[in-house]
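Structure record follows, encoded as structure tokens.
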Amino acid sequence: MGQKEEYANSELYRIRHSTAHVMAEAVLERFPDAKIAIGPAIDDGFYYDFDLPRPLVPEDLEAIEKRMRGLIQSKESFVREEITSEAAKALFADQPYKLELIEGLEHGGVDEDGNPTDEAVPMSVYRSGKFVDLCRGPHVENTGKINPQAFKLLNVAGAYWRGDEKRPMLQRIYGTAWESKDQLEAYLWKLEEAKKRDHRKLGKELDLFSTNEEVGAGLVLWHPNGAMIRHLIERFWDDQHMANGYDFVYTPHIGKASLWETSGHLGFYKENMYAPISIEEQDYYLKPMNCPFHLHIYKSQLRSYRDLPLRYAEKGTVYRYERSGVMHGLMRVRGFTQDDAHHFCRPDQMPDEIDFTLEFSINMLRAFGFKDFHAYLSTRPEKSVGDPQMWKDAEAALESSLKRLGVAYDVDAGGGAFYGPKIDLKVRDALDREWQLSTIQFDFNEPDRFDISYIGEDGQEHRPYMVHRALLGSMERFFGVLIEHYGGAFPVWLAPKQAVIIPIADRHVEFAREVAKRSRQAGLRVSVDERADRMNSKIRDAQKEKVPYMLVIGDREMEAGQVALRRRSGESLPPMSVDEFLALAKNEVEKRI
RNA sequence: GCCGGCGUAGCUCAAUGGUAGAGCAACCGCCUUGUAAGCGGUAGGUUAUGGGUUCGAUUCCCAUCGUCGGCUCCA
């Protein structure tokens with residue numbers, strides 16, 4: 001959070017906030033009847049929300065941007081003025097959104113950034129040129145401090161007034177602003193890079209997955225290449241779980257209404273569930289979660305304290321009704337497979353169990369090339385179920401595990417689910433973007449609802465702790481993140497095709513097939529490009545497919561019984577024997593590079 | 001769900017109120033090739049779907065589906 005404050009006090013923050021004001025001034029010139037809402041600085045830029053007489057088009061943005069440059073040239077000073085609420089109301093008499101903000105400030109309430117404030121705040125306005133805005137500041141001295149070569153308006157989007165979907169929809173203009181032209185260009189370059197790595201684009205180019213209008217939105221078809229990667233991920237996942245004390249379970253995709261009544265989902269999660277399927281006068285629901293089934297497996301027999309901890313793992317496919325506008329490639333879908341598990345343990349085992357789970361989670365993610373983690377610890381909200389002491393113990397266990405493992409974390413006080421505190425783990429990818437993957441959540445609700453217990457040393461029934469956890473999150477989302485992290489150039493151990501063997505002329509095909517056969521026997525996924533094309537063209541195609549190894553075979557290699565290895569990096573290695581190549585590949589597969 | 005945009009061949013894109021065109025890919029043929037595109041040919045589209053306006057719609061309008069940028073949501 002220190003970082004946040006640092007940013008809020010930086011010159012860059014002032015530049016961005018000031019650029020937002022200049023933009024609002026330009027918009028008001030163009031649309032004198034515009035109603036202005038709020039316009040803060042954000043990470044990488046700024047925005048301003050407007051209520052306008054018509055939708056903005058790209059030409060508007062160009063014109064506004066041009067006018068902004070003019071306003072910047074005139075070096076208008078930003079002048080701060082303290083003001084009474086009466087004066088403010090008079091000043092903004094025809095600006096209903098500002099009036100609402102003023103009222104909010106009068107009573108405490110919500111400030112410009114949407115953060116609650118407890119007490120009346122002194123009101124201030126900032127003037128620059130003809131524009132005056134209710135604003136806490138700070139700003140740069142004058143608009144000339146904004147580098148006209150270092151800002152850009154990016155796009156227009158809808159945004160609810162005050163983020164409330166029951167309030168009016170405004171038009172939000174997003175922009176970015178920097179101190180220098182170079183910084184702006186670096187930022188725009190990063191956006192371009194991100195576009196190139198977009199998993200939806202790469203998914204098509206590398207033939208990894210698709211969705212289909214007729215199948216339905218948010219329902220993913222895994223093509224052979226994507227499915228191979230998923231299989232390899234799952235195989236690794238299975239091995240790790242087997243080696244770490246998990247039991248595998250399988251459970252159905254639907255369950256009777258009564259199951260979801262018991263679990264409580266029909267009470268608090270129904271709007272995210274698919275409508276029921278009715279048969280023999282019973283309603284069945286597609287499962288949005290796996291836990292009720294796992295709870296029944298737990299309940300299927302009497303449990304002793306000696307049986308615990310129990311860890312039930314399942315790559316469970318769930319279906320959730322996501323509103324139509326929220327779907328996004330593989331990141332947000334309606335049908336997805338969670339790498340789910342539920343742990344049941346005694347209170348005395350609980351801290352160790354959390355330690356184990358967090359460490360296991362981090363090790364799992366590390367295996368896929370993620371190095372930077374950031375955790376969010378969410379604690380008890382106002383409305384919650386369960387014994388407050390259990391909450392405290394659980395929160396303490398989560399926090400001490402984070403500390404022990406040295407994971408950087410923020411505390412989201414009161415941000416937990418009503419049924420228990422949790423840790424969410426975010427990873428940072430190759431482009432410094434954060435993605436939420438793992439989650440470790442206590443549940444103080446379902447054990448009660450299903451009335452699960454174990455017999456303790458004392459011969460009495462006790463309620464176990466229950467923890468939900470997903471390490472990768474879901475196969476879909478994890479795959480999406482992985483695609484973007486590697487930019488489609490998967491490490492050798494995950495590459496759907498690890499090597500393409502490229503015979504230069506037809507007379508080399510036979511030897512190429514021999515090399516392919518030996519490679520397959522050694523466990524590699526290879527193919528021979530037997531097309532009647534030039535070697536150059538075959539290399540080009542293999543590069544585009546991002547195949548890690550290209551083995552070129554011509555007269556020289558055939559005579560010497562060797563292969564010429566070209567890596568997708570462009571690096572060409574001196575000719576080597578097939579065995580040498582296989583040893584090299586084996587080594588890189590094992591190292592997971 | 002909401003605001004706005006988009007939907008033309010497998011892919012990337014072009015064009016028009018008078019029933020659509022290119023490159024790549026595919027297929028066929030020639031070439032037998034040395035580290036990112038050899039040459040020629042063939043085939044491929046009810047312009048997302050359903051309505052409407054019009055003499056005529058792929059183009060204009062409406063709805064639906066899908067999708068993109070956001071918002072809200074993601075117990």
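Just so we're on the same page: letters track the sequence lines, and every chain starts at 1.
Separation of the P atoms belonging to B:U12 and B:G7 is 13 Å when rounded to the nearest angstrom. Spacing of P atoms, B:G21 relative to B:C2, comes out at 39 Å, to the nearest Å.
A:Glu205 pairs by the side-chain contact (heavy atoms from CB on, under 4.5 Å) definition with A:Lys201, A:Leu202, not counting sequence neighbours. Taking A:His468 as the reference, A:His342, A:Asp443 meet the side chain to side chain donor-acceptor pair (under 3.5 Å) condition, with sequence neighbours excluded. A:Glu571 meets the side chain to side chain donor-acceptor pair (under 3.5 Å) test with A:Arg567; sequence neighbours excluded. Shown here are the side chain to side chain donor-acceptor pair (under 3.5 Å) partners of A:Lys422, two or more places apart in sequence or in another chain: A:Asp424. A:Ala375 is linked by a side-chain contact (heavy atoms from CB on, under 4.5 Å) to A:Leu402, A:Val407, A:Tyr409, A:Ile423, A:Leu425, counting only residues two or more places apart in sequence or in another chain. Every side chain to side chain donor-acceptor pair (under 3.5 Å) that A:Asp451 has, sequence neighbours left out, goes to A:Arg463.
Regarding contacts with the backbone of B:U72, every side-chain N or O of A:Arg172 stays at 4.0 angstrom or more from both OP1 and OP2.
Contacts between residues 51-68 of chain A and RNA chain B, counted as heavy-atom distances below 4.0 Å, involve A:Pro55.
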Distances under 3.5 Å between protein N/O atoms and the N/O atoms of nucleotides 8-11 of chain B, please, pair by pair.
none

Do any N or O atoms of the protein come closer than 3.5 Å to N or O atoms of nucleotides 40-50 of chain B, and which pairs are they?
none

Pairing annotation in dot-bracket form, given for RNA chain B with Watson-Crick or G-U pairs under 3.5 Å and | for cross-strand partners | (((((((..((((....[..)))).(((((.......))))).....(((((..]....))))))))))))....
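Toward the 5′ end of RNA chain B lies the nearest nucleotide of A:Ala217, the other residue of the pair A:Pro288 and A:Ala217 mapping further downstream.
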Could you encode protein contacts along nucleotides 26-35 of chain B as a string, one character per nucleotide from 5' to 3', using B for base contact, S for sugar-phosphate-only contact and - for no contact, with a heavy-atom cut-off of under 4.0 Å?
-> -----BBBBB
Base, backbone or nothing for each nucleotide of nucleotides 58-64 of chain B, written B, S, -, heavy atoms under 4.0 angstrom, 5' to 3'?
-> -------
Before giving the answer on ring pair (Phe, Tyr, Trp, His ring centres under 6.0 Å), spell out for A:Tyr48 and A:Phe50 the whole-Å C-alpha distance, their side-chain angles and the decisive distance to 0.1 Å.
-> CA-CA 7 Å; A:Tyr48 212 114; A:Phe50 305 95; 5.1 Å; yes
